[in-house]
2 protein chains.
Amino acid sequence: MQKLGDLMNKRVTLKDIAHATGVHVSTVSRALDPKRDTPLTDDVVLRIRQAAEKLGYRPNRIASSLRTQRTMTIGVMIPDITNMIFPPIVRGIESVMEPLGYASIIVNTDSQRGREQRLVEILQDRGVDGIIHTAVLLEDPTIERAAGAGLPVVTLNRRIEGTHIPYIINDEAAGISAVFNLLYDLGHRHIAHLAGPQLLSTGQLRLNAFRAAAADRRLDTKAMTIVEAAQFHETDGRRSASEILLRAPETTAILCANDRLALGAIDHCRKVGLNCPTDISITGFNDMPLLELIPPRLTTVRIQQFEAGAAAARLMAAILAGQGEDVPVETILPVLLVERDSVAAPRSARVTGR
Amino acid sequence: MQKLGDLMNKRVTLKDIAHATGVHVSTVSRALDPKRDTPLTDDVVLRIRQAAEKLGYRPNRIASSLRTQRTMTIGVMIPDITNMIFPPIVRGIESVMEPLGYASIIVNTDSQRGREQRLVEILQDRGVDGIIHTAVLLEDPTIERAAGAGLPVVTLNRRIEGTHIPYIINDEAAGISAVFNLLYDLGHRHIAHLAGPQLLSTGQLRLNAFRAAAADRRLDTKAMTIVEAAQFHETDGRRSASEILLRAPETTAILCANDRLALGAIDHCRKVGLNCPTDISITGFNDMPLLELIPPRLTTVRIQQFEAGAAAARLMAAILAGQGEDVPVETILPVLLVERDSVAAPRSARVTGR
DNA sequence: GAAAATCACGCAATCGATTGCATGAACGCT
DNA sequence: AGCGTTCATGCAATCGATTGCGTGATTTTC
């Protein structure tokens, strides 16, 4: 049984309902507006509602958007959805925005500046009501300009200096500090850092946190081995681990800026005959899925992806609801140290200490 | 240096350009339309183009959509973006649609019928020009109705009987057959199937393919052990593997409907003292990322996620371009057997055969 | 050189919903 | 009874781009 409105295969509009009920379209519009302020007779409202129901009316969002200048759509910019850390963020955003009637247009920037710029324009052309931007590139003026032009923006993972753009960040410094101290307390003194790309915010943030953690323990940060990977990828993990071992054979622990680098590092160590964790301790960051299936199970730091997305979306929702004044500029989410099997006391500590 | 148009913080419209150049808006519209058919003086076109450039004109897609009934947006329905097989599909779609000027609204159905129905309506309300649907549920009337109402639809992973909805599928039967024959040729005769949920299309498809492959080798399919997992998840893999070993201790190989089930099965076997592959061979399906880092490296079937998305998008693009007649209803993508370390000859074959 | 054809552009309606203002009716008040 | 309110609804403009049709001007044709 088809709905009546389907018969002529044409969308039912306010005008059709107006026709059917004998009132003016404006009256229909008001009757169907849930938060209407104009007074209407209950009888009329009821008749209109029933007619709308019967005809299978569905409001035309396009027309509405044109008039109201709101699309009930937000743009979500991420580097690459195939990177496993982003899907949970996307779902976190969705979990908040969808119930509010917002849809998301997700775009992948591939961390390319030009592409990012183009995508911001595309989103603006489509009239998104706001943009949630999981930033990775440092120094990226595009999104700042959009925000400056009055478009609501919330960033994830990066603070944009000199603006009041609200941002959500995970407490990466605390995470790095936690793993560093774990290693230090086990007796490690030759801790190397396999750093992420320094033109990405997370890469830089974690390197700084590493230096700070080392300084906290009164280690000579200048003497510490730090090798920067070109990408957050196993291949670079392997390459950089190799360089670390070459430059500092005394290294007993490698603190990696991310899980994939750590996996690469473990793999390289295995290849050169170093067992993890008995010969060398290696730590990751992010706690990506499936990690506990890969031996040695990586000790790492879990960050709240879903919650970060949800938090960003909540801020965005508040701004879009006109409560932009009340949203905090900074939101820091706690991280969790996940201790597994890739860390052990260094040989030296085992010999002397036990 | 700001663009001139930014100064008054208001979007530049055709009318503004018309004002600036002293022509009518309709002329501006035509001058800016790349595929215009109405003849215009080169001089006028040039002046309008320059003015548009200078004022920083960006067409209002909303207004355009209202008039033309095209939003240049498609809906992409997937079960769950956090499931690692979907992001590549999404990027495949994007790789084709974005250059054509289309944006995608991605929604997660969580394989729930009610939610799916709601999402189709949401997408229709937003006036998407078409829907690419990575189907998983069998018997799902919602999308068929949408297609019946004239909305262009392309499905991935499932054929909808009795319609002409184009679909892309991976050659799953060939994949199952390939692993089955690999096992058989090594000497396995007691091959169990750890099947996926039978209310999902892939679960059903692969089970049928398993039966067919067994029949091809003249095995008694009725006697074969087949256990259905409730979900495509490690936990169910463990549970079902346990059941298989209980019901048929003579089993020498488990052909799993997907990688995650296989990982669970391997884990369970290890726990009960069975080494893979020396005691039991286990195979997966999908070849998900990171698999080669998890020992024993799983022998599995690689399916072309990105390419499947791209192929679906190409069909959609063709339909949207009005060449709906020319698109093939069925597209089958080849799969690739990936031989790694989780398969070996059964003990019996090793004893008697070598 | 006049009629006809072509050309370049303007006019105005249209897409569907929203909303400030106008209007007519019902009502209350003195 | 007469006048001012209040109330429920209608009217028409508006959002910005698109497009069929019309019109005046120019060119072509015999």
Side-chain angles (χ1 to χ4, degrees), chain A residues 5 8-49 51-52 55-73 101 124-127 129, chain B residues 5 8-49 51-52 55-73 101 124-127 129:
Chain A
M8 48 185 188
N9 197 25
K10 196 179 168 305
R11 283 188 66 146
V12 180
T13 70
L14 288 188
K15 197 193 283 184
D16 298 324
I17 301 179
H19 239 95
T21 53
V23 298
H24 196 262
V25 288
S26 61
T27 307
V28 179
S29 173
R30 287 190 257 260
L32 262 29
D33 182 358
K35 56 170 193 353
R36 110 191 79 99
D37 48 350
T38 14
L40 290 185
T41 319
D42 289 348
D43 168 56
V44 174
V45 173
L46 187 66
R47 269 170 45 222
I48 291 175
R49 290 259 167 86
L55 296 175
Y57 172 73
R58 307 243 76 200
N60 184 326
R61 278 177 173 281
I62 308 289
S64 174
S65 293
L66 179 57
R67 179 65 225 244
T68 63
Q69 306 286 0
R70 306 194 80 205
T71 53
M72 297 301 279
T73 305
Q124 286 187 296
D125 286 353
R126 289 180 174 276
D129 295 337
Chain B
M8 48 186 190
N9 197 26
K10 198 181 169 303
R11 283 188 65 146
V12 178
T13 70
L14 288 188
K15 196 193 285 184
D16 297 324
I17 302 179
H19 239 94
T21 53
V23 298
H24 196 263
V25 289
S26 62
T27 307
V28 179
S29 174
R30 286 189 258 259
L32 261 30
D33 182 357
K35 57 168 193 355
R36 108 191 81 98
D37 48 349
T38 14
L40 291 184
T41 319
D42 289 347
D43 168 54
V44 173
V45 173
L46 186 66
R47 267 170 46 222
I48 292 176
R49 291 260 167 87
L55 296 174
Y57 172 74
R58 307 243 74 199
N60 183 328
R61 277 177 174 283
I62 308 289
S64 172
S65 293
L66 178 59
R67 177 66 224 248
T68 61
Q69 308 287 358
R70 305 194 83 204
T71 54
M72 298 300 278
T73 304
Q124 286 187 296
D125 286 353
R126 289 182 174 276
D129 295 338

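We use all heavy atoms of the structure for the numbers below, so side chains are in, but hydrogens, waters and symmetry mates are not. Labels below follow one simple rule: chain letters A, B, ... track the order of the sequence lines, proteins then strands, and each chain is numbered from 1.
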Filtered N/O pairs between nucleotides 12-17 of chain C and protein, under 3.5 Å:
| unit_1 | atom_1 | unit_2 | atom_2 | d |
| --- | --- | --- | --- | --- |
| C:dT14 | O2 | B:Arg67 | NH1 | 2.9 |
| C:dC15 | O3' | B:Gln69 | NE2 | 3.3 |
| C:dC15 | O2 | B:Arg67 | N | 3.4 |
| C:dG16 | N2 | A:Ala63 | O | 3.2 |
| C:dA17 | OP1 | A:Tyr57 | OH | 2.7 |
| C:dA17 | OP1 | A:Asn60 | N | 3.3 |
| C:dA17 | OP2 | A:Leu14 | N | 2.5 |

Inset, instruction - Have a look at B:Val44 and say if it touches a base, only the backbone sugar-phosphate, or nothing, with a 4.0 Å heavy-atom cut-off. - result: sugar-phosphate
Inset, instruction - Could you check how far CG of A:Asp33 sits from P of C:dT18, rounded to whole Å? - result: 7 Å
Inset, instruction - To the nearest Å, give me how far apart CZ (B:Arg47) and P (C:dA8) are. - result: 15 Å
Inset, instruction - Could you note down all residue pairs passing salt bridge (Lys or Arg N to Asp or Glu O under 4.0 Å) where residues 58-72 of chain A supplies at least one of them, sequence neighbours left out? - result: A:Arg58-B:Glu121, A:Arg58-B:Asp125
Legend entry - N/O (side chain, A:Thr41) to phosphate O (OP1/OP2, D:dC7) under 4.0 Å: no
Legend entry - Reported CZ-to-CG distance for the pair B:Arg30 and B:Leu40, which is rounded to 0.5 angstrom: 7.0 Å
Inset, instruction - To the nearest 0.5 Å, tell me how far B:His19 NE2 sits from B:His24 NE2. - result: 11.5 Å
Inset, instruction - Answer whether the closest heavy-atom distance between the side chains of A:Thr27 and A:Ile48 falls below 4.5 Å. - result: yes
Tell me, please, which residues at least two apart from [X] pass side-chain contact (heavy atoms from CB on, under 4.5 Å).
{"X": "B:Thr71", "value": "A:Ile62, B:Ser65, B:Thr73, B:Asp129"}
{"X": "A:Ser29", "value": "A:Leu14"}
{"X": "B:Arg49", "value": "B:Leu32, B:Arg36, B:Val45"}

Legend entry - the helix from C:dG1-D:dC30 to C:dT30-D:dA1: angle between end helix axes, five pairs per end, rounded to 10 degrees: 50°
Inset, instruction - Output yes when a side-chain donor or acceptor of A:Thr41 lies under 3.5 Å from a complementary backbone atom of A:Asp43, and no otherwise. - result: no
